[in-house]
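This report concerns only the one structure given below.
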Amino acid sequence: MRAAVSILLLGCLSAGQVWAEACYVTSSASSDAIAEVEQELCYEFTGMDEGAIDWSCSNESTDMIRREQQKVASCAADKLGSCEAALTQATLANYRAGDDDQGKPRPAVPNDAKVITHYYRAGDLRQVRIDCESSGGTWRDPQ
């Protein structure tokens, strides 16, 4: 496994590409009383410095939703769809645009920075697309 990762990393570096960073997220309801909220997604930033995703990819949970987040090298290709939106200070703190203070300053966000969220499982994918587009994002179906 380590050899495969090393070979992949070496291939990316030799091709002149920057090693990508992403955050893999799964969430589920902590109570049967909550409507279906199970999701599996991965988000990545473009136009940001290396390590910027570290600020937002942490395992913080709310009372009613269990959320596990893990930093990964890149998002998987087999997605149901993706939402591309402008990256702002609010979305930097939380891909869902919530505010959060982890005790360190947020990285600066260039004007052309983007957050791309790839969905692998969603309770209502049609609603996810509506939410993406109504908040100024662009929805992309899988290719």
side-chain contact (heavy atoms from CB on, under 4.5 Å) with [X]: which residues, sequence neighbours excluded?
X	value
Thr46	Lys114, Ile116
Cys75	Ala22, Cys42, Glu44, His118, Tyr120
Cys23	Val25, Tyr43, Ile53, Cys57, Gln69
Leu125	Leu80, Tyr119, Ala122, Val128, Trp139

Fill in: Min side-chain heavy-atom separation Glu40-Tyr24 under 4.5 Å
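They are in contact (side-chain heavy atoms under 4.5 Å apart), so the answer is yes.
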
To the nearest 0.5 angstrom, please state how far the [atom1] atom of [X] sits from the [atom2] atom of [Y].
X	Y	atom1	atom2	result
Glu21	Glu50	CD	CD	5.0 Å
Arg121	Ser27	CZ	OG	8.0 Å
Asp131	Asp124	CG	CG	9.0 Å

Worksheet item: Any idea which heavy atoms bring Met48 and Ala113 closest together, and the distance?
Response: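 Nearest pair, atom of Met48 first, then Ala113: SD-CB, 3.9 Å.
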
Worksheet entry | Contacts of Asp49 that satisfy side chain to side chain donor-acceptor pair (under 3.5 Å) - sequence neighbours left out |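 Asp49 satisfies side chain to side chain donor-acceptor pair (under 3.5 Å) with no other residue.
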
Practice prompt. Only pairs at least two apart or in different chains count here, so list each salt bridge (charged side-chain N to carboxylate O under 4.0 Å, His left out) that has a residue in residues 75-85.
Written response: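 Pairs touching residues 75-85 that pass the test: Glu84-Arg140.
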
Discussion item. According to salt bridge (Lys or Arg N to Asp or Glu O under 4.0 Å), who are the partners of Asp141, at least two apart in sequence or on a separate chain?
Written reply: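 Partners of Asp141 under the salt bridge (Lys or Arg N to Asp or Glu O under 4.0 Å) test: Arg129.
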
